[in-house]
Amino acid sequence: MMITDADERIRSNPRGFRLLVCMAVLSGLWLAAASRVHVNASTSDGAWGYFVLPTMAAPKRGDLVLFDPPEAAGSSIPYIKRVIGLPGDSVAVDPGRRVFVRGEFIGIAKRRALNGRALEAVGPGVIPPGRYYVHADHKDSHDSRYEEIGLVPRERIRGRALPLPDIPWLGLKGPIVKPEEARP
């Protein structure tokens with residue numbers, strides 16, 4: 001058996017090695033306690049669930065985030081959307097209710113929700129500090145296109161969401177909720 005430089009360093013400083021192992025274990029325990037699995041309650045994307053990691057850093061463009069929707073949205077279930085607009089970006093809505101962020105077409109704000117209630121399009125302007133435009137590609141997504149969701153404050157964002165892989169042998173494949181169950 002050949003002794004490597006790493007083996008020699010461990011033998012010469014066993015206390016440092018134990019400290020490193022302790023730090024790794026404590027970091028793992030903190031991550032397990034602070035993060036969680038969120039089961040997808042929507043049919044608007046293909047994942048059955050998400051691993052949610054807490055983050056201290058501000059979200060970046062393209063991040064998937066889990067956030068608490070405002071009370072006006074009428075949902076006690078957190079939403080998962082992609083961050084499209086950052087503080088300082090412009091939001092515009094044309095007469096046809098087409099929404100643009102930074103001049104880029106994002107989607108159309110529908111006039112009515114799936115349950116028939118009226119929906120107001122988000123107002124145009126510049127995204128203020130500490131707020132984010134969140135979006136999902138699904139045409140029926142309830143996101144920042146609509147006034148009742150609006151620009152999401154940083155304090156409502158619980159963490160970064162990572163889609164979990166399908167596990168067909170456990171019945172975890174695609175959205176758990178079927179389209180007919182999601183509609184009132």
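Values below: all heavy atoms of this structure, side chains included; hydrogens, waters and symmetry mates excluded.
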Between Arg160 (side chain only) and Val65 (backbone N and O only), is there a donor and an acceptor less than 3.5 Å apart?
no
Indicate yes or no for a side-chain donor-acceptor contact from Ser144 to the backbone of Val134 under 3.5 Å, with no hydrogens or angles considered.
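Confirmed, Ser144 side chain pairs with Val134 backbone.
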Could you tell me which non-hydrogen atom of [X] sits nearest to which non-hydrogen atom of [Y], and how far apart they are?
X      : Y      : result
Pro78  : Pro69  : CA-CD, 4.0 Å
Gly130 : Pro87  : N-CG, 3.8 Å
Asp137 : His135 : OD1-CD2, 3.9 Å

Would you give me the side-chain donor-acceptor pairs under 3.5 Å for residues 101-114, sequence neighbours excluded?
from	atom 1	to	atom 2	distance (Å)
Lys110	NZ	Asp140	OD1	2.4
Arg112	NH1	Gly116	O	2.9

In short, side-chain hydrogen bond (donor to acceptor under 3.5 Å, both in side chains) pairs touching residues 82-94 with sequence neighbours left out are Arg61-Asp89, Asp94-Arg98
Are [X] and [Y] grouped together when hydrophobic residues (ILVMFWY) are joined by side-chain heavy atoms under 4.5 angstrom apart?
X      : Y      : result
Phe100 : Leu86  : no
Leu66  : Leu64  : yes
Ile84  : Ile157 : no

Decide yes or no on side chain to side chain contact (heavy atoms under 4.5 Å, CB included) for Glu147 and Val122, but give the supporting numbers first.
CA-CA 4 Å; Glu147 205 173 78; Val122 68; 5.7 Å; no
Taking atom CD1 of Ile127 and atom OH of Tyr133, what is their separation to the nearest 0.5 Å?
8.5 Å
Would you call [X] and [Y] a side-chain contact if the rule is heavy atoms closer than 4.5 Å?
X      : Y      : result
Val91  : Val126 : no
Tyr79  : Asp143 : no
Ser141 : Lys81  : yes
Phe67  : Arg158 : no

Salt-bridged, Arg117 to Glu148, with N to O below 4.0 Å?
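A salt bridge is present here (some side-chain N lies under 4.0 Å from a carboxylate O).
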